[in-house]
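Written out below as structure tokens is the structure these notes cover.
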Number of protein chains: 2
Amino acid sequence: MAINAENVKSQMRKGYLEYCILLIIAKKPMYVSDIITELKEAQLIVVEGTLYPLLSRLKSSGILAYQWQESLQGPPRKYYELTDDGRQFLAELEEGWEEIKNVVELIKNKNI
Amino acid sequence: MAINAENVKSQMRKGYLEYCILLIIAKKPMYVSDIITELKEAQLIVVEGTLYPLLSRLKSSGILAYQWQESLQGPPRKYYELTDDGRQFLAELEEGWEEIKNVVELIKNKNI
DNA sequence: AATAAATACCTTGCGATACAAGGTACTAAA
DNA sequence: TTTAGTACCTTGTATCGCAAGGTATTTATT
């Protein structure tokens, strides 16, 4: 119920997490651990419990597809990649992100 | 369940809505209709059902305070303003926002 | 051969919150 | 007295990140 800065920062993250994940997968096919590592390098901490359901949703929406791939150490991995629809979708998110940056700038600069 | 661009854009908006509202109130005390108008001018559409609970939460968290003020037409209005804690809080959100912009830039620019 | 460790995958339950829809109350004009 | 306009607020629904816990496969150790 109570509001604190961490809480709100976490809310902020919700919004653009999907965008960041698609940006990462767009570069090359990746499986969950890869993605988490990439995000962590960009200072964005995400856990498995967040990522698996999200990837499943993106898959059933036709934005991502995956291929099983053998691993040298341990069980096989699901490598996710963008579909054509997914690239279209990512382009729309790109627009959305630019819009949001614009909105914040507009509000900040008004009456200054 | 299905994911579409509008859905995700709406998710994105959730994250920074609180930030935008505080930016607006920081300039001068405002009541709900004022705030909605300001947001709309910046292309951010928000409805009453979103705003009232949000302002209540911010008030009970000590981030906002309000004063009743007579109106020339109709019932009195609640004018919200930032408390000292609220200004501190807004400063933290400012940091959070800069961090997020950084993360996205980092991810975009990596391996290009 | 049996066990343990490492590495994958996934699900369940919870809390937070935007939004649609609906409700209450006050003021002023018809 | 009724209607219109303008405030305020609440309830119910859907979504989603995250903590916690569970299952399966491979490899190393005993």
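Every chain is numbered from 1, with letters handed out A, B, ... down the list of sequences.
- At least one donor-acceptor pair under 3.5 Å links the side chain of B:Ser71 to the backbone N or O of B:Gln73.
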- Where do A:Glu94 and A:Tyr19 land on the side chain to side chain donor-acceptor pair (under 3.5 Å) test, with the steps shown first? CA-CA 8 Å; A:Glu94 194 95 35; A:Tyr19 177 40; 3.0 Å; yes

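- What separates CG of A:Asp34 from P of C:dT7 is a distance of 13 Å, to the nearest Å.
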- Query: Taking protein heavy atoms under 4.0 Å as touching, what does nucleotides 17-30 of chain D look like 5' to 3' if B marks base contact, S marks sugar-phosphate-only contact and - marks none?
  - Reply: SBBB----BSS---

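- Rounded to an integer number of Å, the gap from CG of A:Leu51 to C1' of C:dT11 is 15 Å.
- Taking a 4.5 Å side-chain heavy-atom cut-off between Ile, Leu, Val, Met, Phe, Trp and Tyr, the cluster of B:Tyr79 extends to B:Tyr31.
- Side chain of B:Asp34 to backbone of B:Met30: no donor-acceptor contact under 3.5 angstrom is found.
- Going from atom CE of B:Met30 over to atom P of D:dA7 covers 14 Å, rounded to whole Å.
- Here the nucleotide nearest the side chain of A:Lys78, chosen from C:dC10, D:dC9, D:dA7, is C:dC10.
- Hydrophobic cluster membership for A:Val47: none, as no Ile, Leu, Val, Met, Phe, Trp or Tyr side chain comes under 4.5 Å of it.
- At the phosphate of C:dT11, neither OP1 nor OP2 sits under 4.0 Å from any side-chain N or O atom of A:Tyr52.
- By the neighbour-count criterion of 12 heavy atoms within 6.0 Å, atom CD of B:Gln67 is sparsely surrounded, having that number or fewer from other residues, nucleotides or ligands.
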